[in-house]
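Okay, so here's the structure we're looking at.
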Amino acid sequence: MGVLSPDTQATLLLVGQFARSPEVKPLTIAEYNRLAKQLLDLEMRPADIVRQVPKSLIIDSDRISKLLARGTSLALAVERWSQLGIKVIGRGDAFYPSLLKKKLRSAAAPILYLAGNSELLDAEAVCIVGSRNASESGLEFAAQLGQRCASEGLVVVSGDARGVDRVAMESAIEAGGSVTSVLVDALAKAVLAKRNRDPILSGKLVLVTPYDPDSSFTVANAMDRNKYMYALASAAVVVDSDTKGGTWTGAVENEKHRWTRAFVRLANDAAPGNQRLVHLGLRPIANLERSGSQSLRQFLFSDAEGGSSQLGLPVEPTPPAIEAPHSAKSLYDFFIEALTEWLTDGPQSDTAIAERFELEREQVRSWLDRAQGSGVVQKLQRPTRFAIQLDPPSSGKTEVNS
């Protein structure tokens, strides 16, 4: 894996981000997939167009040529990543995670960046996710689940977020288990973190991301990352979830696409979204200490349907049906949740908001207009900024001056 294959080099040139303000915009996954399909029809591989770019490509040939001419930038980036212990694998490589290709198909990233034991990416695994602000019992459950995974030789897959994710991962490693951490940003920083170094060196941890190793957090990437965590696992457990936000959206999206069998913790103090996820189809799981002689592997991976799918505690009645959020609506809701939290520090311009979340300015303006209409934010003038709406909007058109 130390030397990039010709196809992976070509793919990285087409989709890689080697500069903060690139002269030419790299291909998106959708654009790359359209190009890859056309190359397949032409009986060509990505490496073939490095030598000569066909004039009839579905993507502008001049743009393709400029992207492929970034060989020096590519070499410098790969050398730096190599010094950090970061490897690059392409979707066409034999060692690209088979579960991602099987479950996500063309939605799988053309390029993955990783550091650590790559064999963990195809190991039998359990995805453990949950709220950053989980209850004490939720965190205790996550810790027990991480330990149980370690004792049964199951890899823990999670996102390294504060709260449930990190507790499950650290508990698994402390118990001698292994972890796959799917990052949403800054792999180049994560490999240097003290808490990651020893597990990486001992082969107990792999950090993986479909995003540039130097990328910053974005709402879009946080939403997109969910599918990789679920797809890399043979089963998933949601420990605590609200009825909005990343954990909720990821669980709903997994249930829609059926990437992996999913369970949700049930307890009297569980987060409000947990019972609702049961209604949407997730199987209930309760106190791990009451599982009797049944192994965690048997419980999570059994193909048997019907009967009780819980361990220990009785299932509480499920609430009335709710509609699963549409993906576009969920992205807006996730943006608004993050935006309102940020705006508590003070008003911000639409340009600052777009830069903060790395979104197109037009998209941010559209969402801000929608948020104004629903009374979530208010528009301030001189200069134009946006702030949290403190008072309910009046029936007339109101403009606040400052």
Side-chain angles (χ1 to χ4, degrees), residues 7-8 11 15 28-30 32-34 36-37 40 87-114 116-130 149 154-160 165 168-169 178-184 206-211 220-238 241 246-264 277 280-283 296-297 299-305 309 324-327 330-331:
D7 281 340
T8 297
T11 302
V15 304
T28 64
I29 291 182
Y32 177 82
N33 285 337
R34 291 200 298 271
K37 185 178 184 303
L40 184 63
K87 309 161 193 173
V88 183
I89 56 176
R91 201 165 63 194
D93 292 330
F95 33 78
Y96 189 96
S98 59
L99 286 174
L100 294 186
K101 289 195 281 190
K102 177 182 177 181
K103 296 180 180 181
L104 302 183
R105 301 186 181 184
S106 63
I111 292 291
L112 290 178
Y113 307 89
L114 62 94
N117 184 1
S118 61
E119 294 181 0
L120 299 178
L121 297 175
D122 274 318
E124 200 172 33
V126 177
C127 172
I128 305 175
V129 293
C149 286
L154 300 173
V155 174
V156 168
V157 178
S158 203
D160 197 33
D165 294 32
M169 293 165 55
S178 300
V179 167
T180 292
S181 178
V182 185
L183 302 181
V184 72
V206 60
L207 306 176
V208 62
T209 182
Y211 317 111
N221 286 353
M223 298 289 285
D224 180 65
R225 183 263 306 271
N226 289 324
K227 64 175 179 278
Y228 294 98
M229 293 192 295
Y230 281 93
L232 284 169
S234 303
V237 179
V238 179
S241 175
T247 301
W248 169 265
T249 302
V252 171
E253 188 180 21
N254 175 68
E255 200 61 22
K256 174 183 176 181
H257 293 284
R258 302 289 180 178
W259 291 317
T260 193
R261 170 178 289 200
F263 298 78
V264 61
L277 287 174
L280 291 180
L282 276 71
R283 298 162 177 82
L296 185 64
R297 177 182 277 100
F299 178 76
L300 295 179
F301 302 159
S302 173
D303 291 331
E305 295 291 346
S309 58
H326 186 276
S327 59
S330 299
L331 184 56

Q. Going from CG on L114 to CD1 on I89, what distance comes out if it is rounded to the nearest 0.5 angstrom?
A. 5.0 Å
Q: Locate the shortest heavy-atom distance separating A108 from Y96; write the atom from each residue and the value.
A: CB-OH, 3.6 Å
Q) Where do A125 and V157 come nearest, in terms of heavy atoms and distance? A) CB-CG2, 3.6 Å
**Q.** Non-hydrogen atoms of P110 and Y32 that approach each other most closely
**A.** CG-CD2, 3.6 Å
Q) Which distance, rounded to the nearest 0.5 Å, do you find between the CZ of R91 and the CG of L112? A) 10.0 Å
Q: Check salt bridge (Lys or Arg N to Asp or Glu O under 4.0 Å) between R258 and all other residues, then give those that pass, not counting sequence neighbours.
A: E255
Q | W248 vs L280, side chain to side chain contact (heavy atoms under 4.5 Å, CB included): CA-CA, chis, key distance, verdict | A | CA-CA 11 Å; W248 169 265; L280 291 180; 3.8 Å; yes
(Q) Can you tell me how the ring of Y228 sits relative to the ring of Y211, calling it parallel under 30°, perpendicular over 60° and tilted otherwise? (A) perpendicular
Q) If you measure from OH on Y230 to CD on E253, what distance do you get to the nearest 0.5 Å? A) 9.0 Å
(Q) For A107, is there any backbone N or O sitting under 3.5 Å from a side-chain donor or acceptor partner on N33? (A) no
Q.
If you compare all heavy atoms of D160 against all heavy atoms of S181, which two are closest, and at what distance to 0.1 Å?
A. CB-OG, 3.4 Å
Q. What do the steps show when you test L300 against V237 for side chain to side chain contact (heavy atoms under 4.5 Å, CB included), and what is the final call?
A. CA-CA 9 Å; L300 295 179; V237 179; 4.2 Å; yes
(Q) With heavy-atom distances below 4.5 Å as the criterion, would you say the side chains of S241 and V264 are in contact? (A) no
Q: Spell out, as yes or no, whether a donor-acceptor pair under 3.5 Å connects the side chain of T260 to the backbone of A233.
A: yes
Q. Does G159 offer a backbone N or O that forms a donor-acceptor pair with the side chain of D165 under 3.5 Å?
A. yes
Q. Between N254 (side chain) and A251 (backbone), is there a donor-acceptor pair under 3.5 Å?
A. no
(Q) Between N117 and E119 (side chain of the first, backbone of the second, donor and acceptor by atom type, cut-off under 3.5 Å), is there such a pair? (A) yes
Q) So, T209 side chain and V184 main chain: donor-acceptor pair closer than 3.5 Å or not? A) no
Q: Give the minimum heavy-atom separation between S158 and M229, together with the two atoms involved.
A: C-SD, 3.5 Å
Q. With a 4.5 Å limit on heavy-atom distance, are the side chains of F301 and L154 in contact?
A. yes
Q. Any idea which heavy atoms bring V179 and M169 closest together, and the distance?
A. CG2-O, 3.6 Å
**Q.** Nearest-0.5 Å distance, CG of residue D122 to OG1 of residue T180
**A.** 9.5 Å
Q | Neighbour count >12 (heavy atoms, 6.0 Å) for atom NZ, K102 | A | no
Q | With D224 via salt bridge (Lys or Arg N to Asp or Glu O under 4.0 Å) - residues at least two apart | A | K227
Q: Please round to the nearest 0.5 Å and tell me the distance separating atom CD1 of I29 and atom OG of S106.
A: 9.5 Å
Q.
Within this structure, what is the CG-CG distance for the pair L99 and L104, rounded to the nearest 0.5 Å?
A. 9.5 Å
